[in-house]
Peer 1: 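Okay, handing you the structure first.
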Amino acid sequence: MKILVANLGSTSFKYRLFDMGGAGEALLAEGGFERVTEYTPCIEEMLGRLADDGHLVNDEDLDAVGFKTVLGKDLSGCVEADARVLEALDGFKEVAPAHNPAYAEGIRCFERRLPKARRVALFETAFFQWVAPAASHYAIPKAWRDLGIRRYGFHGASHKFVAERTAELLGREDVATRARRLYVDGPGEFDGAPLRLVSCHLGGSSSVTGIRDGVAIGSSMGFSPQSGLPQNNRVGDLDSMAVPYACKMLGIDVEEAERQLNKESGLLGLSGVSNDARDIREAATAGNADAALAIDHLIDSIRHWAGSFVFKMGGLEAISFTAGIGENSPQLRSRVCAGLEDLGVIIDPAKNDACRGTEAEISAADSRVKVHVIPANEELVIAREVERFLQAN
Ligand code: AMP
C-alpha cells in the first residue's frame, strides 16, 4: 500500500513516500522544498520527481495521501480529509495562520491532481485527546470557552513517535504497544510498571510533553502553536495583559501586535540576532548578551515545563530529545539536564557530545532516568495511522 505523507510547514514542504503493509514499512522516497510561499508548484514538482524515479507512474499507483493537519475547529483524530476537514481548518485559520491555510491548499491540490488517491488527515492535536479537563482548560468566561478556546497541544505525531520509540529502547513492549495502538484502542486501563517520560521536541517550533505509560498528560503548547516555549520567531507563553498594554503604549492595533508576536518574537525577538539556534549560539559565544539570554530563556522554559510534568506524573523514568535543536545540540541537552542528580538524571558527557542527529542513549550507566536522543519521524506515525484508517474504512 503506497502512502505519501505531505508535511506542509509554514515555510517548507516535505514529503515521504512509504510502502506500508506486505513486507513491512519501506521508505521509497523523500524530499522537500524550503522558503515555500505557494504549495501547488512544489506538489507538481514532487509528482514529477516521483514519476521520473518510477515510484508514481500512474495515478493509480498511490493509495493515499496523509496530511499532518494542525488545528481543526471541533475536529481532531484521524479522519477523511474531506469538506468537513476543510471547514474545520477554516474555522481556526486565525489561530494557526501559518499552518491551516497551507493544509487547505495542499488538500485541495491533491484532490484536483490525484482524485483517485484517498486523502486522510491526522490532526496534531489527536495525541492530547485524553488530557484531563483540569489541564486543558483556561479560566475564562463560558462565552470564550464556547469559541473553543482551551489548551489543545501540538507536535502530536512527533511526541507519539518518541513515546513509542523510547518504550522500545527501554525494552517496554507493553508501553510501546499501548502507544502504537492508542488511536485504535484508546488508553484503556494500564497496570504495568510506570513509564513516565518527558518528551522534548526542540526545533524551529518547540514543545515539551509529559507522557505517562504512552499517553500524553499535557503539553506546553496551548490554544495555538504560539504558546509554551519560545519558538524561532513566535513568542511562546505571554501574560494576556501584555497585549492590550503594548497596544496602548506603542500605539499599535491588535493585528500589528499579533504580527510582531508571530514574526518578530521568540528566539529572534529576544536575541536580536536570528531565528536559528546555531546563529544565536555563535553570537552568544562571541559575547552577545542578548543571544546568551535567548538561549538561557529557552533552557529555562524547557525545564519549567519538564518540571511541571514530573510533578504531575509523580516521578520520572525517561527524558527524550527530538527535532533539529534536540537532536543536534549537546550543549543544550546537558544544560537542560544539569543539576538533576537527585532526581536520578545523570548525562554521560562523552555519549552526549558524540550524539548529533542520530539515535542514542546519552545517560550515564548509573543514571536511574534514561535519557535518549530520538530523530523525529512524524511521517511514519502518519503513514501507520493512514494505513489503519484505510483498512478500517
Ligand atoms: P526543525 O524545526 O526540527 O527542522 O529544527 C530546525 C532548527 O534546528 C533550526 O532552527 C536550528 O536552530 C536547529 N538546529 C539544526 N542543527 C543544529 C545544530 N547543529 N545545533 C543547534 N541547533 C541546530
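These numbers were taken from a predicted model, which means no experiment stands behind them. Counting starts at 1 for both ligands and their atoms, following the listed order.
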Peer 1: Under 6.0 Å between ring centres: does that hold for F123 and F67?
Peer 2: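 Centroid separation for F123 and F67: 6.0 Å or greater.
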Peer 1: Starting from atom 3 (O) of ligand 1, which protein heavy atom do you reach first, and at what distance in Å?
Peer 2: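 The answer is G324 N, 2.8 Å.
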Peer 1: Is there any N or O on G203 that sits under 3.5 Å from an N or O of ligand 1?
Peer 2: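 The answer is no, given that G203 and ligand 1 share no N or O pair closer than 3.5 Å.
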Peer 1: In terms of atom number and element, which parts of ligand 1 are under 4.0 angstrom from non-hydrogen atoms of R281?
Peer 2: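 In order of number, 20 (N), 21 (C).
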Peer 1: Less than 4.0 angstrom from a charged side-chain N to a carboxylate O is my criterion; do R84 and E87 meet it?
Peer 2: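 Looking at R84 and E87, the cut-off is not met.
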Peer 1: Which heavy atom of the protein is the closest neighbour of atom 4 (O) of ligand 1, given with residue, atom name and distance?
Peer 2: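 Closest protein heavy atom to atom 4 (O) of ligand 1: K14 NZ, 4.4 Å.
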Peer 1: Using a strict threshold of under 4.0 Å (side-chain N to carboxylate O), is an ion pair present between E385 and R388?
Peer 2: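 Yes.
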Peer 1: Which residue supplies the protein heavy atom nearest to atom 18 (C) of ligand 1, what is that atom called, and how far is it?
Peer 2: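 Its nearest protein heavy-atom neighbour is N328 CB, 3.4 Å.
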Peer 1: Could you tell me, atom by atom, which parts of ligand 1 come under 4.0 Å of a heavy atom of G204?
Peer 2: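 In order of numbering, the contacting atoms are 1 (P), 2 (O), 5 (O), 6 (C), 7 (C).
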Peer 1: According to the interplanar angle, ranging from 0 to 90°, do the rings of Y15 and F33 count as parallel (below 30°), tilted (30 to 60°) or perpendicular (above 60°)?
Peer 2: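 Plane angle between 30° and 60°, so tilted.
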Peer 1: Closest non-hydrogen protein atom to atom 16 (N) of ligand 1, residue and atom name please, with distance?
Peer 2: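 Answer, as residue, atom name and distance: R278 NH1, 3.5 Å.
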Peer 1: Specify the protein heavy atom at minimum distance from atom 12 (O) of ligand 1: its residue, its atom name, and the distance to 0.1 Å.
Peer 2: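 Answer, as residue, atom name and distance: A277 N, 2.6 Å.
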Peer 1: I'd like to know if E317 pairs up with R172 as an ion pair, taking the criterion as any Lys NZ or Arg NE/NH1/NH2 lying under 4.0 Å from an Asp or Glu carboxylate oxygen.
Peer 2: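 No.
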Peer 1: Give the ring-plane orientation class for H155 versus H201, where under 30° counts as parallel, over 60° as perpendicular and anything between as tilted.
Peer 2: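 It falls in the parallel class, under 30°.
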Peer 1: Quick test: of every protein heavy atom, which one is nearest to atom 9 (C) of ligand 1, and how far off is it to 0.1 Å?
Peer 2: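 The answer is D276 OD2, 3.8 Å.
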Peer 1: Is R113 paired with E44 through a side-chain N to carboxylate O contact shorter than 4.0 Å?
Peer 2: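 Yes, this pair counts.
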Peer 1: Numbering the atoms of ligand 1 from 1, which are under 4.0 Å from a heavy atom of A323?
Peer 2: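 Atoms satisfying the 4.0 Å criterion: 3 (O).
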Peer 1: Look only at interatomic distance and state if L202 has a nitrogen or oxygen under 3.5 Å from any nitrogen or oxygen of ligand 1.
Peer 2: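 Not met; the criterion fails.
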Peer 1: Hey, could you give me the CZ/CG distance between F18 and L27, rounded to the nearest 0.5 Å?
Peer 2: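 Reported value, rounded in 0.5 Å steps: 5.0 Å.
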Peer 1: Does at least one non-hydrogen atom of I325 fall below 4.0 angstrom from an atom of ligand 1?
Peer 2: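 Contact check I325 vs ligand 1: positive.
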